[in-house]
Amino acid sequence: MTHAADPDDPLLADLNRNQAAAVAFGAGPLMVLAGAGSGKTRVVTRRIARLLRDGVRGSQILAMTFTNKAAAEMAHRVQELGGDFVRVATFHSACARFLRSEGHLLGYPADYSIYDVQDRDTLLKELLEDAGFSSAQIKPSQVGQMISRLKNAALRPDEGLLGSGDVPRAVTRLWTPYHERLQKQGAMDFDDLLGNFLRILREFPEVAERYQARFRWVLVDEFQDTNRVQYDLLKLLCPAPGNVCVVGDPDQSIYSFRGAEIRNILDFERDYPTTTTIALEQNYRSTATILRAAEAVIANNRQRKAKHLRTDNPAGEPLLQLRAGDAAEEATSIADRIAGLRDGGVPLDQVAVFYRAHWLSRGLEQALKDAGLPYTIVGGLTFFERREIKDLLAFLRVLVNPLDDLSMGRILNVPPRGLGKVAADKLRTLGFEQGMALREVVAAPELHGSLGPKARKGLQQLADVLARARDAANSSVHAALRVVIEGTDYLKHATSFGDPEDSARAENIAELVSDAVQYDTEHGDGLAGYLQHVALLTSADSQGEGPAVQMMTVHAAKGLEFDHVCLAGLEEGVFPSLRTAEDPNGLEEERRLCYVALTRARRTLMVSSARDRMVAGRYESMRPSRFLKEIPAACLQPFTQTWRRYQSDHETEQVSGWSVTPDPEALAELRAGAKVRHDLYGEGVVRRIAGRGIQARAVVRFSDGVEREFVLEYAGLKLLEDLQW
DNA sequence: CCCGGTAAACTTTTT
DNA sequence: GTTTACCGGG
């Protein structure tokens, strides 16, 4: 039942025909194939607005996205529409929440723990050792990845697809123990959030009916990135014919490594036979030149339904192409380019730098810093993945979920309290024999007879802190956190490593506390709610003050747009990544990734590569990415001006002492107390030397008071004078 | 039990 | 260049 698009409807007024049709479409399944920049977000939010206006209650609408950022963005827009009760969430966070109410059906506590990849791997490591695999031979992370891939495809190990080898063998062997352990500890990994909720919907039809009745309207964004489990979930939440609207673009499918199946787009029309499909092919975002370049690249994919994006936008400027000598040059050139844009009046938050993988960001970051350009790095090492944060959260987790042995094991001797490996093993054995969780064993002094006096004292302190924190948790999250930090003297522990990170850790802890305070005032639903909230966060969305250049991986860039984009590291082996280059499917996904990167730009685009790049500690000669060759020459213009300027800089640098290969004898003289100069950090004093020969490293304290560690072979330290006595 | 020093491996991409 | 895991002495 398609509503005719009423041209006088204000919600449709500024939309093109197909956009309006998608917004106006009534009940029943709808698939929107939205090309890059075709106004997809607009259509989705407008459609929600129309539903609300036409009398659908917000609480009956469920909008699911793929990433936190997309969810936050959509939630923001929906809120502006007054859709306060619309549920906007990622698949994972939606399931996590549902499982708090329904998890008991599978024997899970409401306050179950959510294990991230790190937690998963530490658990697997234990199990590998128990099963007699040497963890040196088989990496827990490989086993974990394979388990994850199976679960995302809704498969079990006996359903084949494994092949032979050590890792598959370990997966088969550990599959059941792993899940039994999780269950016993009241914990789920990320994949279980989806899988367990799916199981509940399957095994308890009355529950499924309840959810179907509750969410009468379901929207899925970035549908091309859903995996099998997510799609199965969708079908159960909203069975055919169903008021389900999926939006996606097959050319932007970039998550197959996480189990995404483009196949879902094809299956959708089969599983929802009454589907109406609407294509959005008019691009409003980019200049014609940028769009032409992007289309030319994606056209090289074989497995693809031909699709042409149109635009009425002006041609704009050609893409700036840079081939730098090395990564440092590339980075400074990009910084120069951005400085030029800024001087031309461009707000820096309209400039983005993209790269294939996080490790490439370091050099770029340094160059921006040197150029005095403010920047924020999106994603990367998450706040909540830092050690000190994970430690403190582990304390909180055992308060909420006493069964969580993994978290308990983590904090047993943190900060050190005389409970080393020996004591830990004894406690675990006790727990096993008594059928008790570690947390209970710790709190039962009558069982500690076989332990030494030091260990017993430590245990008592720990049990005491946990008990007090447990009480404090009744009033607020931050109160509990305070008790933990003060009761264990954690701050002192975290800041006495004697490395340069000490002060950063102190700041992080302070930030965690204020985050908890904020959560208390905003939500106030207690510790369990806080932990769930925190477990699914990834990129610290804390935007710094003022406009800043946005740096991120191409994956993180999906769904965003910027006036000016720089895409760095376009080299064979980097982008496309070495891993995927052999596999044709992998290569096509890399190409889609490149397409995503190019189509983020509204006005200008700079594409760069380096001839030599330091990769894993060695200089490698790089060939330009094949994707560069796929861009029509007419779209490209060399980035000459800055390039030439930089070249002269670089030459003088070489003359003035770019001492990559240090004189071995001079190095031998380097000792604690020697005064040295570093190209970047200036003068400093050597605090200590570790190792010998090319492995030798020096810790240098610079005039800014910060200590930094260098591998001498690469650092290019120059000996100024030897202040020995 | 803890700390320091040493060697090896490591780089996709996210929930 | 960075991080982590292991080993040996205090």
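Below, chain A is the first sequence line, B the second, and so on; all start at residue 1. Just the heavy atoms: all of them, side chains too, but no hydrogens, waters or symmetry mates, feed the values below.
Among the atoms of the strands shown, only primed sugar atoms or phosphate atoms (P, OP1, OP2) are found under 4.0 Å from some heavy atom of A:Asn413. Nucleic acid contact for A:Phe91: none, since no nucleic acid atom lies under 4.0 Å from a heavy atom of the residue. In this structure, A:Val574 reaches neither bases nor backbone, as no heavy-atom distance under 4.0 Å exists between it and the strands shown.
OP1 or OP2 of B:dT14 sits under 4.0 Å from a side-chain N or O of A:His358. Side-chain nitrogen and oxygen atoms of A:Lys125 include none within less than 4.0 Å of the OP1 or OP2 phosphate oxygen of C:dA5. Remark: A:Thr553 is not in phosphate contact with B:dT12, judged by side-chain N or O atoms under 4.0 Å from OP1 or OP2. Between B:dT14 and A:Asn152, no contact under 4.0 Å exists linking OP1 or OP2 to a side-chain N or O.
Atom P of nucleotide B:dC2 and atom NE2 of A:His493 are separated by 11 Å, given to the nearest angstrom. A straight line from CD of A:Glu620 to P of B:dC10 spans 15 Å, rounded to a whole angstrom. Following rounding to the nearest Å, A:Glu589 (CD) and B:dT12 (P) show an atom-to-atom distance of 14 Å. Spacing between atom CE of A:Met614 and atom C1' of C:dT2 amounts to 12 Å, rounded to whole angstrom units. The CD atom of A:Glu590 sits 16 Å away from the P atom of B:dT11 (whole-angstrom rounding). In this structure, the OH atom of A:Tyr255 is 5 Å from the C1' atom of B:dT14, given to the nearest Å. A:Gln230 has its CD atom 12 Å from the P atom of B:dT15, to the nearest Å. Atom-to-atom, CZ of A:Arg600 to P of B:dT13 comes out at 19 Å; the value is rounded to the nearest Å.
The side chain of A:Ala357 approaches B:dT12 more closely than any other nucleotide in the set B:dT14, B:dT15, B:dT12. The side chain of A:Ala423 lies closest to B:dC1, out of B:dC1, B:dT15, B:dT13. Among the nucleotides B:dT14, B:dC10, B:dC2, the one closest to the side chain of A:Lys139 is B:dC10. The side chain of A:Val422 lies closest to B:dC1 when the candidates are B:dT15, B:dC1, B:dT13. Here the nucleotide nearest the side chain of A:Ala556, chosen from B:dT14, B:dC2, B:dT12, is B:dT14.
Of the inter-residue distances, the one linking A:Ser407 atom OG with A:Leu438 atom CG reads 10.5 Å to the nearest 0.5 angstrom.
Residues satisfying the salt bridge (Lys or Arg N to Asp or Glu O under 4.0 Å) test with A:Arg97, not counting sequence neighbours, are none. Applying the salt bridge (Lys or Arg N to Asp or Glu O under 4.0 Å) rule to A:Glu73 yields the partners A:Arg77; only residues at least two apart in sequence or on another chain are considered.
Using a 4.0 Å cut-off between charged nitrogen and carboxylate oxygen, A:Arg611 and A:Glu329 do not count as a salt-bridge pair.
Atom name P, nucleotides C:dT4 and B:dT13: the rounded distance is 15 Å, in whole Å.
Ring centroids of A:Phe257 and A:His555 are separated by less than 6.0 Å, placing the two rings close together.
Both thresholds, 5.5 Å between centres and 30° between ring planes, are met by A:Phe257 relative to the base of B:dT13, so the two rings are stacked.
Comparing A:Pro416 and A:Trp359 by the nucleotide of DNA chain B whose heavy atom lies nearest to each, the residue mapping closer to the 5' end is A:Pro416.
Remark: side-chain polar atoms of A:Arg258 are not paired, donor with acceptor, to backbone N or O of A:Arg149 under 3.5 angstrom.
Judged by atom type and distance alone, A:Arg258 does not reach the base of B:dT13 through any side-chain donor-acceptor pair under 3.5 Å.
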